[in-house]
Amino acid sequence: MNLKEAKVGTTCTVAKVNGEGAVKRRIMDMGITRGVEIYVRKVAPLGDPIEVTVRGYELSLRKADAEKIELA
């Protein structure tokens, strides 16, 4: 399961960050690394972006980026 498929109001643990090069580096620079917990706060009406809480701060992710984050 990836972050795009997670339901609003759930807390998930990151298993793996997929992607290559700059995309993967950008996701990891935002604090999304293996083992961190992510709380899914909101999803926009058309599904893009997804608002999450990571390491105590709020973050908005595009669907394309959320698909690259695998959950445990």
Side-chain angles (χ1 to χ4, degrees):
M1 183 166 108
N2 59 39
L3 185 59
K4 179 184 158 197
E5 299 166 346
K7 302 287 183 212
V8 174
T10 59
T11 300
C12 312
T13 304
V14 176
K16 182 179 179 184
V17 177
N18 295 318
E20 302 250 340
V23 174
K24 184 174 182 177
R25 170 59 42 201
R26 185 167 43 90
I27 292 171
M28 292 177 75
D29 285 345
M30 289 187 270
I32 300 172
T33 55
R34 186 167 29 115
V36 75
E37 288 190 348
I38 296 178
Y39 174 70
V40 182
R41 295 178 51 91
K42 296 185 230 178
V43 177
L46 297 177
D48 199 16
I50 299 168
E51 188 176 309
V52 297
T53 301
V54 180
R55 298 182 191 255
Y57 67 92
E58 295 174 11
L59 179 67
S60 292
L61 294 168
R62 296 181 298 192
K63 276 195 298 192
D65 292 340
E67 283 180 324
K68 294 179 180 2
I69 302 168
E70 285 187 29
L71 304 174

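Heavy-atom minimum distance, Arg55 versus Gly31: NE-O, 2.8 Å. Nearest heavy atoms, Thr13 versus Gly35: CG2-O, 3.7 Å. When all heavy atoms of Ala15 and Ala72 are compared, the closest pair comes out as CB-N, 3.8 Å. Between Asn2 and Ala66, the closest heavy-atom pair is CB-O, 4.0 Å. In plain terms, the two heavy atoms of Glu58 and Thr53 that are nearest each other are CG-OG1, 4.1 Å.
Side-chain contact check for Asp65 versus Val23: some heavy-atom pair is nearer than 4.5 Å. Under the 4.5 Å side-chain criterion, counting only non-hydrogen atoms from C-beta, Lys68 is not in contact with Ile32.
Enclosure of atom CD in Glu20 is not indicated, since only 12 or fewer non-hydrogen atoms of other residues, nucleotides or ligands lie within 6.0 angstrom. Heavy-atom contacts from other residues, nucleotides or ligands closer than 6.0 Å to CZ of Arg34 number 12 or fewer.
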For this session: Kindly determine whether Leu46 and Lys63 satisfy side chain to side chain contact (heavy atoms under 4.5 Å, CB included), including the steps that lead there.
Result: CA-CA 10 Å; Leu46 297 177; Lys63 276 195 298 192; over 6 Å; no
For this session: Let me see the working for Val14 and Val54 under side chain to side chain contact (heavy atoms under 4.5 Å, CB included), right down to the final yes or no.
Result: CA-CA 11 Å; Val14 176; Val54 180; over 6 Å; no
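Residues Leu61 and Val40 fall within the same hydrophobic cluster, defined by Ile, Leu, Val, Met, Phe, Trp and Tyr side chains chained together at heavy-atom separations under 4.5 Å. Linking ILVMFWY residues whenever their side-chain heavy atoms come closer than 4.5 Å, directly or via other members, places Leu59 and Val43 in the same cluster.
Atom CZ in Arg62 sits 8.5 Å away from atom CD1 in Ile27 (nearest 0.5 Å). Atom OG1 of residue Thr11 and atom CD1 of residue Ile38 lie 10.0 Å apart, to the nearest 0.5 angstrom. Note that the CG atom of Asn18 and the NZ atom of Lys24 stand 7.5 Å from one another [nearest 0.5 Å]. Note that CE of Met1 and NZ of Lys7 are 8.5 Å apart. Values are rounded to the nearest 0.5 Å. In this structure, NZ on Lys16 lies 5.5 Å from CD on Glu70, to the nearest 0.5 angstrom. Atom CD1 of residue Ile69 and atom CE of residue Met28 lie 11.0 Å apart, to the nearest 0.5 angstrom.
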